**Student:** 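Dumping the structure here so I can ask a few things about it.
Below, read A as the first sequence line, B as the second, and so on, with proteins coming before strands; counting in each chain starts at 1. Note that the structure is a prediction, hence the values are computed from the model and not measured.
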2 protein chains.
Amino acid sequence: MLKIGIAEDDPKIAALLKSALEENDYQVLTVANGIDALDLFSSESFNLLIIDVMMPGLNGIQLCKHLRENTVQTPILMLTAMGTIDDKVTGLEAGADDYLVKPFHLKELLARTAALLRRQPPIEAKTDHKFYFDDLVLDTYSKEVSRGGKIIELSAKEFVLLELFMRNPNRLLSRQFIAEQAWDISFETGTNVIDVYINFLRKKIEKDFERKLIHTKINMGYILK
Amino acid sequence: MLKIGIAEDDPKIAALLKSALEENDYQVLTVANGIDALDLFSSESFNLLIIDVMMPGLNGIQLCKHLRENTVQTPILMLTAMGTIDDKVTGLEAGADDYLVKPFHLKELLARTAALLRRQPPIEAKTDHKFYFDDLVLDTYSKEVSRGGKIIELSAKEFVLLELFMRNPNRLLSRQFIAEQAWDISFETGTNVIDVYINFLRKKIEKDFERKLIHTKINMGYILK
DNA sequence: CATCCATTTTAATCTTGTTTTAAGATGAGA
DNA sequence: TCTCATCTTAAAACAAGATTAAAATGGATG
C-alpha cells in the first residue's frame with residue numbers, strides 16, 4: 001500500500017486530507033508542525049509527502065530544503081496559500097515536485113497525488129544513458145556498474161573515473177587529462193591519487209575476470225581497450 | 001567563462017534558470033522562441049544549450065534537429081513537460097544529449113549542466129588523429145602504431161619521435177631540430193640519445209619489414225621516405 | 001559533541017621498464 | 001687506408017607505476 005506523509009498545522013484541513021486519501025486506499029500519517037515532520041519524514045520512508053508552506057516553527061520551504069539535503073528523494077507536493085505566487089518558484093527551488101494553491105478541490109489534490117505517484121517509477125524508464133564496453137556496463141542514472149551481469153559496487157570517485165574511461169573508450173587518457181576531468185585540478189600536484197584509484201578500479205572490475213580492460217602506457221597514461 | 005544559451009518561452013522559468021546558472025558563474029543568454037533560438041545558436045558559439053520542448057513557432061525537437069543539421073555540436077539539454085515520456089526518445093533522437101522532466105529540482109539542473117559541460121566531445125574520435133605513411137599508421141588518439149596491420153609497441157619517447165617524422169614526411173630533420181621538438185633541448189649537449197632512439201625505432205618498425213623508412217643523410221640528419 | 005565507518009588522500013616502498021650514457025664496432029667518403 | 005660520423009650494444013641511472021598501509025576527511029548516528 002502506498003504511504004503518504006502530511007505536514008499541515010490546521011487540524012481541520014489535515015483531517016480532511018487524511019480521510020480523502022484514506023478513502024482512496026492510501027496509508028496516511030500526519031504531523032502538525034515542521035520539526036515533527038522533519039523527524040518523521042527523515043526516519044520513515046514514504047511514497048509521497050504533502051507539505052503546507054505555512055507552518056509554525058519550521059516552514060514548508062525550510063522543511064523541504066532540509067529533506068533534500070538529507071537526500072530524501074520522495075516526491076513532494078507543496079500546498080501554498082493563494083496570492084503568494086512566488087511561493088511556487090521558491091518551493092520548486094527548495095526541491096518540491098509540484099504545488100497546489102489553497103483553496104483547492106479535493107479532486108485536484110487526488111489527481112496530482114496520483115500523477116506524482118505514477119511518476120515514481122520513471123527510474124525504470126530511464127534505461128538509457130548506459131555505456132557499454134566489452135561485458136562492462138555503466139549506468140549514469142542508477143550509478144550502477146556491472147560486468148558480465150554481476151553488479152560491482154563502486155565509490156563515487158571510482159565511478160567518476162570509470163565513467164571517464166567509458167566515455168572515452170580506446171582513447172589514451174593522460175594523467176593531466178584525468179586530473180582535470182575527474183578531480184578538477186589543472187595544476188601540477190605531487191599527488192598519486194590517480195594511480196591509487198586506477199588500482200582500486202582494477203581490483204574491482206578486473207580481479208575476478210579474464211580480460212584486462214585498463215591498460216597502462218608508461219609515460220603516457222591509461223587506456224580502456 | 002562558460003556560456004550557456006537558453007530557449008524557453010515561459011519568462012518565469014527562463015528567469016529562474018538564468019539567475020540560478022549565473023549564480024554558478026555561467027554566462028547566460030536567453031531567447032523566448034524557437035526561431036530566435038535558431039538564429040542565435042547558429043551564429044554565436046555556446047558551451048551548452050538548454051532547450052524547452054514546448055515553444056511557439058519552432059518547437060524544441062525541430063530546433064534541435066535544425067541545429068544538428070547545421071553541424072552545431074554543442075551539447076543540448078532538453079526540458080520536457082511532465083507526462084510526455086515519449087518526448088524523451090524523440091528528443092534524444094533529434095540530437096539532444098540529455099533531458100530533464102519538468103518540474104525539476106534546480107540542483108538536478110545544475111548537476112546535469114556540470115556533467116554535460118565536463119563531457120568533452122567524443123566526436124573527436126572521428127577526425128584526424130591518424131597519420132599514414134606507406135603501410136605505417138600512427139594514431140595520436142590511442143597512441144598506437146601499426147605497420148601492415150600489425151600493432152607495434154612503442155615507448156613514450158619512441159612514439160614522440162616517430163610522430164615527429166610522420167608529421168614531417170619527406171622532410172629532412174636535423175639533429176638540432178629533433179632535439180628541440182622531441183627532447184626540449186635547444187643547447188648543444190654531447191649526447192647521442194637521438195641516434196640511439198633512431199636505432200630503437202628502426203628495430204621496431206623496420207626489422208621485420210621489407211622497405212626501410214628512416215634514412216640517414218650523413219652530416220645532415222634523418223628523413224622519412 | 002563524540003564516535004564510528006566508509007571514502008578519499010597521502011606517503012613510503014618495491015618492482016619494473018624506460019631513458020640515458022658510454023664505449024666499441026661499423027661503414028662511408030676522401 | 002684513414003678519419004669521422006653513425007650504429008650498436010650493454011650497463012647505469014633514473015623515473016614511473018603498482019601496491020600497501022596509514023592518515024585525513026566527511027557524513028551519519030546517537
Side-chain angles (χ1 to χ4, degrees), chain A residues 38-45 66-73 143 145 152-165 172-179 181-185 187-207 212-224, chain B residues 143 145 152-164 172-179 181-185 187-207 212-223:
Chain A
L38 185 56
D39 275 1
L40 181 65
F41 298 166
S42 299
S43 58
E44 268 187 64
S45 102
H66 278 95
L67 289 171
R68 291 306 186 212
E69 275 161 15
N70 293 354
T71 65
V72 171
Q73 309 245 356
K143 303 283 179 190
V145 171
I152 296 172
E153 297 293 338
L154 296 187
S155 78
K157 267 274 136 62
E158 287 165 355
F159 187 90
V160 167
L161 181 57
L162 182 58
E163 184 178 344
L164 186 61
F165 277 103
L172 187 127
L173 309 181
S174 70
R175 278 153 214 286
Q176 172 70 23
F177 181 80
I178 295 171
Q181 298 290 317
W183 271 268
D184 278 329
I185 47 179
F187 47 92
E188 181 53 57
T189 65
T191 183
N192 72 332
V193 236
I194 295 174
D195 302 52
V196 174
Y197 265 85
I198 291 285
N199 193 32
F200 286 167
L201 265 191
R202 280 175 169 158
K203 272 188 194 155
K204 294 195 176 178
I205 70 172
E206 295 183 340
K207 198 66 167 290
K212 300 301 164 217
L213 300 175
I214 299 174
H215 302 265
T216 307
K217 289 251 185 188
I218 294 188
N219 274 317
M220 296 174 151
Y222 298 97
I223 184 169
L224 179 73
Chain B
K143 304 276 181 192
V145 170
I152 296 172
E153 296 291 341
L154 296 187
S155 80
K157 268 272 137 65
E158 289 163 355
F159 187 90
V160 167
L161 181 57
L162 181 58
E163 185 178 342
L164 188 60
L172 188 128
L173 308 181
S174 70
R175 282 186 171 61
Q176 172 69 23
F177 180 78
I178 294 172
Q181 298 292 316
W183 271 266
D184 278 328
I185 47 179
F187 49 92
E188 182 52 57
T189 66
T191 183
N192 71 332
V193 236
I194 295 173
D195 302 53
V196 174
Y197 266 86
I198 291 286
N199 190 239
F200 287 166
L201 265 191
R202 280 172 169 159
K203 273 189 195 156
K204 293 194 177 178
I205 70 173
E206 295 181 341
K207 198 67 167 288
K212 300 303 165 213
L213 299 174
I214 299 174
H215 302 266
T216 307
K217 289 262 187 186
I218 291 191
N219 276 320
M220 300 173 101
Y222 299 96
I223 184 169

**Student:** Please state how far atom CD1 in A:Ile218 lies from atom C1' in C:dT16, giving the value in whole angstrom units.
**Tutor:**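 Checked: the CD1 to C1' distance equals 7 Å.
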**Student:** Between the side chain of B:Glu158 and the main-chain N/O of B:Phe200, is any donor-acceptor distance below 3.5 Å?
**Tutor:**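 No, the answer is negative, given that no donor and acceptor are paired below the 3.5 Å cut-off.
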**Student:** Tell me the interatomic distance from B:Leu201, atom CG, to C:dT19, atom C1', rounded to whole angstroms.
**Tutor:**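 Rounded to the whole Å, the gap is 14 Å.
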**Student:** OP1 or OP2 of C:dT8 less than 4.0 angstrom from a side-chain nitrogen or oxygen of A:Trp183, does that happen here?
**Tutor:**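 False: A:Trp183 side-chain N/O out of range (4.0 Å or more) of C:dT8 OP1/OP2.
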**Student:** Nearest-Å distance, NE2 (B:His215) to P (D:dA5)?
**Tutor:**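 Answer to the nearest Å: 23 Å.
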**Student:** NA contact type, B:Phe200, heavy-atom cut-off 4.0 Å: base, sugar-phosphate, or nothing?
**Tutor:**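 Counting heavy atoms under 4.0 Å across all strands, the contact made by B:Phe200 includes a base.
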**Student:** Any side-chain heavy-atom pair from A:Tyr222 and A:Phe177 closer than 4.5 angstrom?
**Tutor:**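 No, side chains not in contact.
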**Student:** Looking at side-chain heavy atoms only, is the closest gap between B:Leu173 and B:Leu164 below 4.5 Å?
**Tutor:**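 SC-SC contact between B:Leu173 and B:Leu164 confirmed.
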**Student:** Could you tell me how far apart A:Glu206 (CD) and D:dT19 (P) are, to the nearest whole angstrom?
**Tutor:**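 Distance, rounded to whole Å: 10 Å.
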**Student:** Taking CZ from B:Phe159 and P from C:dT18, how many angstroms apart are they, rounded to a whole number?
**Tutor:**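 Distance, rounded to whole Å: 15 Å.
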**Student:** Is there a side-chain contact between A:Thr191 and the phosphate of C:dT10, meaning an N or O under 4.0 Å from OP1 or OP2?
**Tutor:**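 Yes, within the criterion.
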**Student:** Less than 4.0 angstrom between a side-chain N/O of B:Asn199 and OP1 or OP2 of D:dT9, yes or no?
**Tutor:**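 B:Asn199 to D:dT9 OP1/OP2: no side-chain N or O under 4.0 Å.
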**Student:** Between D:dT19 and A:Tyr197, is there an OP1 or OP2 to side-chain N/O distance shorter than 4.0 Å?
**Tutor:**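 It does not, given that no N or O in the side chain of A:Tyr197 lies less than 4.0 Å from OP1 or OP2 of D:dT19.
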**Student:** Would you mind reading off the distance between A:Leu161 atom CG and C:dT9 atom P, rounded to a whole angstrom?
**Tutor:**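 After rounding, the reported distance stands at 11 Å.
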**Student:** Within less than 4.0 Å of OP1 or OP2 of D:dA16, is there a side-chain N or O belonging to A:Thr216?
**Tutor:**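 So the side-chain polar atoms of A:Thr216 never come under 4.0 Å of the phosphate oxygens OP1 or OP2 of D:dA16.
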**Student:** Considering only heavy atoms from C-beta outward, does the side chain of B:Arg175 approach that of B:Asp195 to under 4.5 Å?
**Tutor:**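 Yes, their side chains come closer than 4.5 Å.
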**Student:** When the distance from CZ of B:Arg175 to P of D:dA5 is rounded to whole Å, what number comes out?
**Tutor:**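 To the nearest whole Å, that distance equals 10 Å.
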**Student:** Atom CD1 of A:Ile198 and atom C1' of C:dT8: how far apart are they, to the nearest Å?
**Tutor:**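 These atoms are roughly 15 Å apart.
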**Student:** Are B:Lys203 and D:dT9 close enough that a side-chain N or O sits under 4.0 Å from OP1 or OP2?
**Tutor:**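 True: B:Lys203 side-chain N/O within range (under 4.0 Å) of D:dT9 OP1/OP2.
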**Student:** Please assess B:Trp183 against B:Ile178 for the test side chain to side chain contact (heavy atoms under 4.5 Å, CB included), listing each intermediate value before the final yes or no.
**Tutor:** CA-CA 7 Å; B:Trp183 271 266; B:Ile178 294 172; 4.0 Å; yes
**Student:** Looking for any heavy atom pair under 4.0 Å, which part of the strands does B:Asn192 touch: base, sugar-phosphate only, or nothing?
**Tutor:**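 Here B:Asn192 touches the bases of the nucleic acid.
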**Student:** Let's see if you can work this out: which of D:dC7, D:dA18, C:dT9 has an atom nearest to the side-chain heavy atoms of A:Lys157?
**Tutor:**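 Nearest nucleotide to the side chain: C:dT9.
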**Student:** Can you see if the side chain of B:Ser155 gets near the phosphate of C:dT19 - specifically, an N or O under 4.0 Å from OP1 or OP2?
**Tutor:**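 Yes.
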